[in-house]
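Proteins come first, then strands; the chains are lettered A, B, ... in the order of their sequence lines, and each starts at number 1.
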Amino acid sequence: MTLVRADRPQRSPAASRATVSTPADAGKGRRRRRGKHQWTAWAFTLPLVVYLAGFYLYPLYRNLDLSLHHYTVRSFVAGGAPFSGWDNFGQVLHDPTFWPAIRNTFVFTLVSIAVQYCAGLALAVFFNRNFRLSGLLRALFLIPWLLPLIVSSSTWAWMMNSESGVLNYALHFIGVSPVDWLTSPHWALTSVVIANIWIGIPFNLVILYSGLQNIPADLYEAAALDGAGSWQVFRRITFPLLRPVSAVVLLLGFVYTLKVFDLIWIMTKGGPGDSSSTLATWSYRLGFGSLLPQFGPGAAVGNILILIALVFGLLYIRVQRSQES
Amino acid sequence: MTVPTRHRRSVRTTVIGVVLTAIMLFPVYWMLNVSLTPQQDMRKDPPDLIPLHPTFEGYKAVLNDQMPYLLTSLLIGLGTVILTLLPAAPAGYALAKLRPRGGGTLSIVLLIAQMIPGIVMAMGFYGIFLNLGLMNTWWGLIVADSTIAVPFGVMIFTAFMSGIPDELLAAAGIDGAGTLRTFWSVVLPVSRNALVTVSLFSFLWAWSDFVFANTLDTGGRLRPITLGIYRYIGNNNQEWNAIMATAVVASIPAALLLVLAQRYVAAGVTAGAVKD
């Protein structure tokens with residue numbers, strides 16, 4: 001199935017309707033039809049607009065409201081929490097978890113997408129050779145991306161178990177001493193990054209592969225005639241022509257990886273200590289992680305996360321726009 | 001290049017491909033292996049790399065403990081598909097063909113909506129649901145889960161429906177069909193592929209959701225399978241064969257999706273990111 005560009009040039013509906021009446025008449029009728037046309041168009045978008053207002057805007061508003069009030073469990077249910085301005089944000093900024101969480105969020109995100117991208121690109125180039133079984137194998141590569149995160153996270157957690165995990169057994173086999181993957185503060189972040197890379201490779205592979213498919217084959221033929229080696233072909237043709245797709249995959253990967261929560265929470269809960277806490281897990285821990293929930297600060301951390309996501313999200317939109325024009 | 005060497009090179013490439021795939025899928029294999037390992041062998045050193053004494057104890061435990069969770073997830077998944085299609089399909093048609101004023105802004109809003117972290121939405125929904133008394137209900141969870149899929153759904157429908165030839169819609173108009181009728185009996189039937197893609201993904205995402213379930217439905221009568229597994233890990237963290245057996249069962253929809261609708265999956269992954 002091929003999906004067609006959404007912004008494909010369209011014949012304007014008014015132009016295709018030829019009328020036989022006088023010019024003045026036609027102008028009036030067209031305007032009326034135009035107005036009716038707009039009404040119909042809006043009627044079709046109305047369910048979505050209502051949906052977005054009720055199920056996106058309202059929760060986001062509630063979240064903002066939470067972060068600007070001093071909520072307790074009682075006022076959370078009964079209402080009447082006092083307005084506290086930026087207090088929650090101030091509290092969060094001075095919390096000893098703040099800088100570790102920021103650092104971990106960026107390390108987790110950047111290392112994940114860097115490795116995912118390189119692995120995805122190498123695999124895409126490899127699969128682009130279209131050997132026997134390549135279609136089947138490419139499909140199998142999608143599995144990690146499709147599995148529920150709780151499934152992949154708990155599988156990795158057991159594989160990384162200090163005493164009985166198969167990973168430590170493999171290390172033992174090659175003569176390396178065992179690692180406390182999830183229980184040592186030095187390794188916890190690395191461990192969740194490894195699992196996250198595994199989950200994200202298919203996404204990179206699929207998108208980069210489809211980008212490769214769009215590179216005209218005659219470019220490769222011309223390069224082959226000129227006697228270019230495969231590394232040269234990659235450096236001079238594949239990589240430069242893939243740059244727009246690469247920008248999309250990296251920015252989108254960034255925004256998606258920034259909000260990863262399930263994986264880290266299931267594997268380490270952000271611990272030990274704060275060693276694998278990111279903004280997402282910290283926000284959750286503040287709001288729901290203990291018997292004394294701190295909804296205000298939790299929502300504040302969530303809003304900081306949105307802000308970071310938005311910066312890169314808008315960058316992504318800009319890149320996409322410039323590619324379309 | 002002579003034919004035999006080319007053939008040999010192609011075989012070599014296939015072998016490399018198979019090895020790479022095997023490495024990539026090792027965790028999946030390991031999940032299957034552990035799900036069949038008897039409890040007393042679980043902490044054996046070295047671990048059995050293949051299930052030498054396979055047991056179905058873990059799967060028996062799944063049948064005994066997890067059936068209600070699985071059925072709940074099925075219900076929530078199907079509900080989410082419906083709630084996703086209802087606003088997404090007409091909006092996709094409008095954005096692709098009817099060009100409402102402000103349509104461009106709406107598309108950007110949808111792009112941004114996709115970037116909002118689930119945990120933030122969960123906290124907002126938590127506040128709302130608590131006040132409205134919707135906590136721990138399966139349909140509250142359907143509402144929350146649908147937010148993962150609706151922006152994606154609109155984008156898929158828009159991309160797909162702008163490929164429908166204008167002549168087809170004009171012909172329906174000449175035959176006297178109004179916009180609604182054209183949408184229902186021309187646009188939707190030819191958009192079957194988009195419908196399948198959006199349905200598959202919204203089902204899979206609702207089935208896999210953990211964030212919303214763990215914040216909005218922890219005490220309900222009907223809880224989804226992701227919480228079933230999470231509870232398992234928390235309660236009896238020794239019985240890893242039962243945990244992994246549940247994980248295997250919870251992976252069935254993903255596996256089915258891959259077998260039955262592989263081309264839609266790849267198309268869906270790509271369409272979310274690049275339009276070409």
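Ranked by heavy-atom pairs under 4.5 Å with chain A, the list B/Gly127, B/Ala250, B/Pro151 is led by B/Gly127. No other option in A/Gly165, A/Ser154, A/Ser283, A/Ser153 has as many heavy-atom pairs under 4.5 Å with chain B as A/Ser154. Each of B/Gly102, B/Ala122, B/Ala113 has some count of heavy-atom pairs under 4.5 Å with chain A, and the biggest count is that of B/Ala113. Among B/Asp209, B/Ile108, B/Asn214, B/Ile128, the residue making the largest number of heavy-atom pairs under 4.5 Å with chain A is B/Ile128. Counting heavy-atom pairs under 4.5 Å between each of A/Val301, A/Asp65, A/Leu133, A/Leu146 and chain B puts A/Leu146 at the top. Of the listed residues (B/Leu106, B/Leu257, B/Leu49, B/Ile225), the greatest number of heavy-atom pairs within a distance under 4.5 Å of chain A belongs to B/Leu106. With chain A as the partner, the residue from B/Val28, B/Ile112, B/Thr215, B/Thr226 showing the most heavy-atom pairs under 4.5 Å is B/Thr215. Most heavy-atom pairs under 4.5 Å with chain B, from the set A/Gly54, A/Ser164, A/Ser134: that is A/Ser164. Taking A/Tyr56, A/Tyr169, A/Trp42 one by one and counting their heavy-atom pairs under 4.5 Å with chain B, the maximum is reached by A/Tyr56. For the options A/Ala139, A/Gly135, A/Pro47, heavy-atom pairs under 4.5 Å to chain B are most numerous at A/Ala139.
The part of A/Leu310 that comes within reach of chain B is its side chain, from C-beta onward, which places non-hydrogen atoms under 4.5 angstrom from that chain. When heavy atoms are compared at a cutoff of 4.5 Å, B/Met161 does not approach chain A at all. When heavy atoms are compared at a cutoff of 4.5 Å, B/Tyr230 approaches chain A by way of both its backbone and its side chain. Both the backbone and the side chain of A/Tyr58 come within contact range of chain B, judged by heavy atoms closer than 4.5 Å. Residue contact with chain A, scored on non-hydrogen atoms closer than 4.5 Å, is absent for B/Pro253. For chain A, the nearby parts of B/Ser146 are the backbone and the side chain; heavy atoms of each come within less than 4.5 Å. With a threshold of 4.5 angstrom between heavy atoms, A/Leu137 approaches chain B through its backbone and through its side chain. For a residue to count as touching a neighbouring chain, one of its non-hydrogen atoms must lie under 4.5 Å from one of that chain's; by this rule A/Tyr284 touches chain B with backbone and side chain alike. Heavy-atom distances place no part of A/Tyr61 under 4.5 Å from chain B, backbone and side chain included. With a threshold of 4.5 angstrom between heavy atoms, A/Leu314 approaches chain B through side-chain atoms but not through N, CA, C or O. Both the backbone and the side chain of A/Arg132 have a heavy atom closer than 4.5 Å to some heavy atom of chain B. In this structure, the portion of A/Asn161 lying under 4.5 Å from any heavy atom of chain B is its side chain and not its backbone. Contact of A/Leu251 with chain B is not made at all, since no heavy-atom distance falls under 4.5 Å. At a 4.5 Å heavy-atom cutoff, the contact between B/Val109 and chain A is made by side-chain atoms alone. Contacts between A/Phe126 and chain B at a heavy-atom distance below 4.5 Å involve the side chain alone, from C-beta outward. Contacts between B/Ile16 and chain A at a heavy-atom distance below 4.5 Å involve backbone atoms as well as side-chain atoms. Both the backbone and the side chain of B/Met123 come within less than 4.5 Å of a heavy atom of chain A. Contacts of A/Leu64 with chain B are absent, with no heavy-atom separation under 4.5 Å from either backbone or side chain. Only the side chain of B/Leu130 comes within less than 4.5 Å of a heavy atom of chain A; its backbone N, CA, C and O stay farther away. Heavy atoms of B/Phe125 lying under 4.5 Å from chain A belong to its backbone as well as its side chain. Within the 4.5 angstrom heavy-atom criterion, only side-chain atoms of A/Leu60, from C-beta onward, approach chain B. Only the side chain of B/Leu204 comes within contact range of chain A, judged by heavy atoms closer than 4.5 Å.
Within the 4.5 Å cutoff, the side chain of A/Leu307 has no heavy atoms near those of the A/Ile304 side chain. The side-chain heavy atoms of A/Phe295 and A/His69, taken from C-beta on, include no pair separated by under 4.5 Å.
Between the side chain of A/Thr257 and the main chain of A/Gly253, a donor-acceptor pair closer than 3.5 Å is present. A donor-acceptor pair under 3.5 Å is absent between the side-chain atoms of A/Asp262 and the main chain of A/Leu149, judged by distance alone. Looking at B/Asn241, its side chain does come within 3.5 Å of a backbone N or O of B/Thr37 through a donor-acceptor pair.
Both the sub-6.0 Å distance and the 45° axial angle are satisfied by A/Arg138 relative to the ring of A/Tyr209.
If you take CD1 on A/Ile207 and CG on A/Leu242, they are separated by 11.0 Å, rounding to the nearest 0.5 Å. Taking OG of B/Ser251 as the start and CE of B/Met31 as the end, the distance is 4.0 Å to the nearest 0.5 Å. Rounding to the nearest 0.5 Å gives a distance of 9.5 Å between CD of A/Gln294 and CZ of A/Arg285. Here CZ of A/Phe312 is found 14.5 Å from CZ of A/Arg318. Values are rounded to the nearest 0.5 Å. Taking CG from A/Leu48 and CZ from B/Phe157, the interatomic distance works out to 12.0 Å, rounded to the nearest 0.5 Å. Considering OH of B/Tyr93 and CD1 of B/Ile164, their distance stands at 8.0 Å, rounded to 0.5 Å.
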* To do: Please assess A/Arg62 against B/Asn131 for the test side-chain contact (heavy atoms from CB on, under 4.5 Å), listing each intermediate value before the final yes or no.
  => CA-CA 11 Å; A/Arg62 270 310 295 253; B/Asn131 291 143; 2.7 Å; yes

* Under the side-chain contact (heavy atoms from CB on, under 4.5 Å) criterion, do B/Leu180 and A/Phe44 qualify, and how do the steps go? -> CA-CA 9 Å; B/Leu180 192 63; A/Phe44 272 84; 3.9 Å; yes

* Would you please test B/Val34 and A/Met159 for side-chain contact (heavy atoms from CB on, under 4.5 Å) and show each step? => CA-CA 10 Å; B/Val34 172; A/Met159 284 171 53; over 6 Å; no

* Begin from the C-alpha positions of B/Leu32 and B/Val248 and carry the test side-chain contact (heavy atoms from CB on, under 4.5 Å) through to its verdict. => CA-CA 7 Å; B/Leu32 280 165; B/Val248 171; 4.0 Å; yes

Going by atom type alone, with no hydrogens or angles, which donor-acceptor pairs under 3.5 Å involve a side-chain atom of residues 84-91 of chain B and a protein atom two or more places apart or on another chain?
residue : atom : partner : partner atom : Å
B/Thr84 : OG1  : B/Thr80 : O            : 2.6

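Relative orientation of the A/Tyr51 and A/Phe55 rings is perpendicular, given thresholds of 30° and 60° on the angle between their planes.
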